[in-house]
2 protein chains.
Amino acid sequence: MNIGDVSRISGLPAKTIRYYEDIGLIRPLRGENGYRSFQDKDLHKLAFLGRARALGFTIEDCRNLLALYEDDGRESAAVKHIAEDHLARIDEKIAQLRSMRATLAELVNACAGDHRPDCPILNDLGHGDRPASDQLKKPAGNCSH
Amino acid sequence: MNIGDVSRISGLPAKTIRYYEDIGLIRPLRGENGYRSFQDKDLHKLAFLGRARALGFTIEDCRNLLALYEDDGRESAAVKHIAEDHLARIDEKIAQLRSMRATLAELVNACAGDHRPDCPILNDLGHGDRPASDQLKKPAGNCSH
DNA sequence: CCTTGACCTTCCAGTCACTGGAACGACTAT
DNA sequence: ATAGTCGTTCCAGTGACTGGAAGGTCAAGG
């Protein structure tokens, strides 16, 4: 199986699959022509990775989860620990976004959005009448790659 | 005013302030010694940027908002448009995270988390019994820089 | 005058998880 | 032989910083 087939089946871009090999998540064999030759095992792993990534696990999480997946002597506590950590990070992010959303919605609501220059949104950002920015620690959240 | 003072006042790291100059968001004067010399105007702009970033606006949004802020002839509709777009992006992200959260919480809940190897989390990721990964389009969401 | 230490400068590299593109080789069908 | 599709590698870019190295500047104290 060549990378194109695997890409179609798994839904992962070929680039991503090559990247996963680069960072050691999979180790497909090579044919005489130098092409990667994927086995069912690799396909399975890629599906695993796709699902884990879709749940927002980092690549490092995925690496650890994959190792646990292949370790028959694992303790489910280890897996649960990773998942719980991730759940907490997700909750944090949701809270952050909701706080942003609340402030922003208020401002948008207060703005006439017409041809005149008066704008409560700019007023807020400029003068900071309302406490629009309580926590500058983690302003992140806008990663639309 | 040197960069250190401005950093303390605005709460933005000096590195970030230099970066903002690099990408043309601010244009502080320079003293004879080569040090940046910040005026009230710069301080004001940085505060604006800090608040806009805290609300999750991208740097490009910030650039546009700043331009509108300084344009007396602006139409508030333009500002509102940027803010509404951003609000929509936030809502999308929240929805994505909530969907992840729901699936993940279910799995975590089903996992004993003990010394035994059986683990519903790994079962799901491995075999995909449950549809844990409906949308692979935007798996992102984990940008904890 | 010299040193210490805090401050400032620039520039380069790294982050995360890819993604785009160039330049080239391999295979398939006509 | 040729065209077109697939595969390969390698390099660079994304967003918004952040860390660190190597060096210049300044004020205070001895």
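Throughout, a chain's letter reflects where its sequence line sits, starting with A, and its residues are numbered from 1. These values consider heavy atoms only, across backbone and side chains, with no hydrogens, waters or symmetry-generated copies.
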### Phosphate OP1/OP2 of D:dA16: any B:Arg18 side-chain N/O under 4.0 Å
no

### Message
I want to verify a distance call: between D:dA16, D:dG7, C:dT19, whose nearest atom is closest to the A:Ile3 side chain?
### Response
D:dG7

### Message
Side chains of B:Asp61 and B:Thr58, heavy atoms from C-beta outward: is any pair under 4.5 Å?
### Response
yes

### Query
Atom CG of B:Asp22 to atom P of D:dT18: distance rounded to whole Å?
14 Å

### Task
To the nearest Å, give me how far apart CD1 (A:Ile26) and P (C:dC18) are.
12 Å

### Task
Can you tell me the distance, in whole Å, between the CD atom of B:Glu60 and the P atom of D:dG15?
8 Å

### Message
Quiz question: going by heavy-atom distance under 3.5 Å, is there a donor-acceptor pair between the base of D:dG24 and the side chain of B:Tyr35?
### Response
yes

## Note on the structure
Of A:Lys15 and A:Glu32, the one whose closest nucleotide on DNA chain C sits nearer the 5' end is A:Lys15

### Heavy-atom check, side chain of B:Val6 versus side chain of B:Leu46, under 4.5 Å
yes

### Any B:Thr16 side-chain nitrogen or oxygen under 4.0 Å from OP1 or OP2 of D:dT18
yes

### Query
OH of A:Tyr19 versus C1' of D:dG7: gap in Å, rounded?
21 Å

### Message
Any side-chain N or O of B:Arg53 below 4.0 angstrom from OP1/OP2 of D:dC17?
### Response
yes

### Task
Take the protein atom CG of A:Asp5 and the nucleotide atom P of C:dC27, then report the distance between them rounded to whole Å.
15 Å

#### Entry: Rounded distance in Å - CZ (B:Arg63) to C1' (D:dC17)
15 Å

### Task
Identify whether the distance between the nearest side-chain nitrogen and carboxylate oxygen of B:Arg89 and B:Glu92 falls below 4.0 Å.
no

### Query
Between D:dG13 atom P and B:Ile59 atom CD1, what is the distance in whole Å?
19 Å

### Query
Under 4.0 Å between a side-chain N/O of B:Arg36 and OP1 or OP2 of C:dT10, yes or no?
yes

### Query
Considering only heavy atoms from C-beta outward, does the side chain of B:Arg63 approach that of B:Leu66 to under 4.5 Å?
no

### Query
Counting side-chain heavy atoms from C-beta on, which of C:dT9, D:dG7, C:dT19 comes nearest to A:Asn2?
D:dG7

### Integer-rounded Å distance: D:dG19 P and B:Ile17 CD1
15 Å

### Query
Would you call B:Lys45 and B:Asp42 a salt bridge, taking side-chain N to carboxylate O under 4.0 Å as the test?
no

### Task
Verify the contact: side-chain N or O of B:Asn33 to OP1 or OP2 of C:dT9, cut-off strictly under 4.0 Å; return yes or no.
no

### Message
Can you see if the side chain of B:Tyr20 gets near the phosphate of D:dC17 - specifically, an N or O under 4.0 Å from OP1 or OP2?
### Response
yes

### Message
What contact category does B:Ile23 fall into here, base, sugar-phosphate, or nothing, at under 4.0 angstrom with non-hydrogen atoms?
### Response
nothing

